[in-house]
Chemist: 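Take a look at this one; I'll ask things after.
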Amino acid sequence: MGFRDRRVVLKSAAQIEKMAVAGRVVADALAAVGEAIAPGVTTAELDAVAHEAIRRAGATPSFIGVPGHVSDYRHATCIAVDEEVVHGVPGKRRIGEGQIVSVDTGAIVDGWHGDGARTWIVGEVPPRTRLLVEATRDAMLAGIAAAVPGAYLGDISAAIEDVALAHGFGVVRAFVGHGIGNEMHEEPQVTNYRTGSKGRRIEVGLCLAIEPMFTLGGHEVRIRPDGWTVETVDGAFAVQWEHSIAITADGPRILTVSERTPAVERALPDRRPPASQGLP
Ligand code: MG
């Protein structure tokens, strides 16, 4: 059964406000991680910072207890360094100069989920690595800008993929964006590449996690023996960014934001007109 056959749950305006509360907790937790990231800090210490921020806000970390092939997940964050893509397990590893660190976290407030991720550059990195980090963020924002009522999920995918194509970056295909609400992962799936079909129509009340994962190399990934950590097969550096959003009558609204979210991470680009416009 394809995911199109399953149910997509649209949210009311009041429910979206509740999701924004959870989203704010995620944004503040990531901001706290950002203040703690420095050479020498361990990924377990960064996880503790996020966990504490979520608990202090009266929220529940949603990643803890997620079932896996080897073991249930036990951490508030996933932290992916360098060639790790997503689902990196926090531990004793120390962050060093020249690394890129993607942190993904989720929180539940009153049964509603927020899910977000961002990537930090620690110290100096080559220009193309910096471009990878910034372009993946910009692809996320371009995908969000395309999520307007009446458009199609495929428009989000195309907007994201176009940023990767423009720079020659790999687009991870094995992991995709998703619906979000009372569950962290709901229908529909949102690919970060064109699938050949335009997909479901985007309606007011649809809530999505938009999460592009780009690489400096190919798209192929594999899971390490820990059962969680996803790394690129070719060892190329990879980056993930993620916002949870709600589609409103006024357009897409980013839910995983707070006053502590830098403007560059929440400013939507002007939406490009459809390719058919302006042609003779
Ligand atoms: Mg997600």
Side-chain angles (χ1 to χ4, degrees), residues 11 13 15-37 49-50 53-54 57 59 62 77-78 86 100-107 109 112-121 130-149 151 153 155-164 177-181 184 190 192 202 204-214 239-272:
K11 282 77 182 180
Q15 290 170 333
I16 288 170
E17 291 306 324
K18 290 184 173 183
M19 290 184 64
V21 175
R24 166 180 296 267
V25 173
V26 168
D28 283 339
L30 290 174
V33 169
E35 288 167 10
I37 278 197
V49 167
I54 292 167
S62 56
T77 64
C78 296
V86 287
I100 54 173
V101 183
S102 301
V103 178
D104 189 352
T105 195
V109 177
W112 296 96
H113 283 255
D115 187 8
R118 58 150 299 155
T119 299
W120 286 271
I121 295 169
R130 176 170 291 278
L131 182 62
L132 176 72
V133 173
E134 295 176 351
T136 311
R137 177 199 66 209
D138 292 347
M140 170 186 69
L141 294 169
I144 295 169
V148 295
L153 290 180
D155 295 322
I156 301 174
S157 306
I160 292 170
E161 185 179 39
D162 280 346
V163 177
H178 50 91
I180 183 167
M184 179 160 59
V190 185
N192 296 310
I202 296 171
V204 171
L206 184 64
C207 293
L208 302 170
I210 304 295
E211 51 177 319
M213 291 153 242
F214 290 175
V239 163
Q240 178 206 22
W241 285 82
E242 178 178 25
H243 270 316
S244 298
I245 68 168
I247 314 307
T248 75
D250 298 327
R253 172 183 174 186
I254 300 176
L255 300 173
T256 37
V257 289
S258 76
E259 298 77 9
R260 297 169 73 183
T261 306
V264 71
E265 297 173 25
R266 53 188 161 96
L268 298 185
D270 286 338
R271 193 163 158 256
R272 285 188 332 182

Chemist: Check whether Trp112 reaches the backbone of Ile16 with its side chain - one donor and one acceptor, N or O, closer than 3.5 Å.
Modeler: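 Side chain of Trp112 to backbone of Ile16: no pair is present.
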Chemist: The criterion is side chain to side chain donor-acceptor pair (under 3.5 Å); which residues satisfy it with Thr119, sequence neighbours excluded?
Modeler: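 Applying side chain to side chain donor-acceptor pair (under 3.5 Å) to Thr119 gives Ser102.
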Chemist: Okay, side chain of Arg266, backbone of Val257: is any donor-acceptor separation there less than 3.5 Å?
Modeler: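 Such a contact is absent between Arg266 side chain and Val257 backbone.
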Chemist: Who passes salt bridge (Lys or Arg N to Asp or Glu O under 4.0 Å) against Arg260, sequence neighbours left out?
Modeler: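 Listed in chain order: Glu35.
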Chemist: Could I get the full list of side chain to side chain donor-acceptor pair (under 3.5 Å) partners for Asp28, not counting sequence neighbours?
Modeler: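 Result, side chain to side chain donor-acceptor pair (under 3.5 Å) vs Asp28: Ser258.
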Chemist: Test Met140 against Ile144 for side-chain contact (heavy atoms from CB on, under 4.5 Å), laying out the working first.
Modeler: CA-CA 6 Å; Met140 170 186 69; Ile144 295 169; 3.9 Å; yes
Chemist: Donor-acceptor pair, Asn192 side chain versus Glu211 backbone, under 3.5 Å?
Modeler: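 Side chain of Asn192 to backbone of Glu211, a donor-acceptor pair under 3.5 Å: yes, one is there.
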Chemist: For Ala107, check side-chain contact (heavy atoms from CB on, under 4.5 Å) against everything at least two apart and list the hits.
Modeler: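 By the side-chain contact (heavy atoms from CB on, under 4.5 Å) rule, Ala107 matches Val25, Val26, Ile54, Ala59.
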Chemist: If I compare all heavy atoms of Trp241 with all of Val133, which pair ends up nearest, and what's the gap?
Modeler: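 Smallest interatomic distance, heavy atoms only, reads NE1-O, 3.0 Å.
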Chemist: Are Ile254 and Thr261 close enough, and set up right, to give a side-chain contact (heavy atoms from CB on, under 4.5 Å), and what steps lead you there?
Modeler: CA-CA 11 Å; Ile254 300 176; Thr261 306; over 6 Å; no
Chemist: Could you state the interatomic distance from CD1 (Ile37) to CZ (Arg118), rounded to the nearest 0.5 Å?
Modeler: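 It comes to 7.5 Å.
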Chemist: Looking at residues at least two apart in the chain, or sitting in another chain, which of them share a salt bridge (Lys or Arg N to Asp or Glu O under 4.0 Å) with Lys18?
Modeler: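 Partners of Lys18 under the salt bridge (Lys or Arg N to Asp or Glu O under 4.0 Å) test: none.
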Chemist: Just do the side-chain contact (heavy atoms from CB on, under 4.5 Å) check on Trp120 and Val33 with the steps written out, would you?
Modeler: CA-CA 10 Å; Trp120 286 271; Val33 169; 3.9 Å; yes
Chemist: Can you list every side chain to side chain donor-acceptor pair (under 3.5 Å) pair that touches residues 136-147, not counting sequence neighbours?
Modeler: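 Every candidate side chain to side chain donor-acceptor pair (under 3.5 Å) pair involving residues 136-147 fails, so no pair, neighbours aside, qualifies.
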Chemist: Return the minimal non-hydrogen interatomic distance between Pro269 and Ala145, and the atom names on each side.
Modeler: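 Here Pro269 and Ala145 meet closest at O-CB, 3.7 Å.
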Chemist: Tell me every residue that passes side chain to side chain donor-acceptor pair (under 3.5 Å) with Glu134, counting only those two or more places apart in sequence or in another chain.
Modeler: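 With sequence neighbours excluded, Glu134 shows a side chain to side chain donor-acceptor pair (under 3.5 Å) to no residue whatsoever.
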Chemist: Please round to the nearest 0.5 Å and tell me the distance separating atom CD1 of Ile202 and atom CG of Asp155.
Modeler: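 It comes to 6.0 Å.
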Chemist: Looking only at heavy atoms, what is the nearest atom pair of Ala50 and Ala29, with distance?
Modeler: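 It is O-CB, 4.0 Å.
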Chemist: For Ala36, check side-chain contact (heavy atoms from CB on, under 4.5 Å) against everything at least two apart and list the hits.
Modeler: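 For Ala36 the side-chain contact (heavy atoms from CB on, under 4.5 Å) partners, ignoring immediate neighbours, are Leu46, Val49.
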Chemist: Looking only at heavy atoms, what is the nearest atom pair of Met19 and Gly181, with distance?
Modeler: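 Distance-wise, the nearest heavy atoms are CE-CA, 3.8 Å.
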Chemist: Output a table of donor-acceptor pairs, distance under 3.5 Å, between side-chain atoms of residues 242-252 and any protein atom two or more places apart or on a different chain; print 'none' if there are none.
Modeler:
| from | atom 1 | to | atom 2 | distance (Å) |
| --- | --- | --- | --- | --- |
| His243 | ND1 | Thr256 | O | 3.4 |
| His243 | ND1 | Thr256 | OG1 | 2.8 |
| His243 | NE2 | Glu265 | O | 2.7 |
| Ser244 | OG | Asp115 | N | 3.0 |
| Ser244 | OG | Asp115 | O | 2.7 |
| Thr248 | OG1 | Asp250 | N | 3.1 |
| Thr248 | OG1 | Gly251 | N | 3.3 |
| Thr248 | OG1 | Gly251 | O | 2.8 |

Chemist: If you look only at pairs with a residue in residues 139-148, which of them pass as a salt bridge (charged side-chain N to carboxylate O under 4.0 Å, His left out), with sequence neighbours excluded?
Modeler: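 Counting only pairs at least two positions apart or across chains, no salt bridge (charged side-chain N to carboxylate O under 4.0 Å, His left out) contact touches residues 139-148.
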Chemist: Check each of Leu141, Ile180, Ile160 against Ile210 using the side-chain contact (heavy atoms from CB on, under 4.5 Å) test, and report the only one that passes.
Modeler: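 Considering Leu141, Ile180, Ile160, a side-chain contact (heavy atoms from CB on, under 4.5 Å) with Ile210 is found only for Ile160.
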Chemist: Less than 4.0 angstrom from a charged side-chain N to a carboxylate O is my criterion; do Glu259 and Arg24 meet it?
Modeler: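 Counted as a salt bridge, because a side-chain N and a carboxylate O are separated by less than 4.0 Å.
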Chemist: Do His178 side-chain atoms and Met184 backbone N/O form a donor-acceptor pair below 3.5 Å?
Modeler: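 A pair under 3.5 Å: yes.
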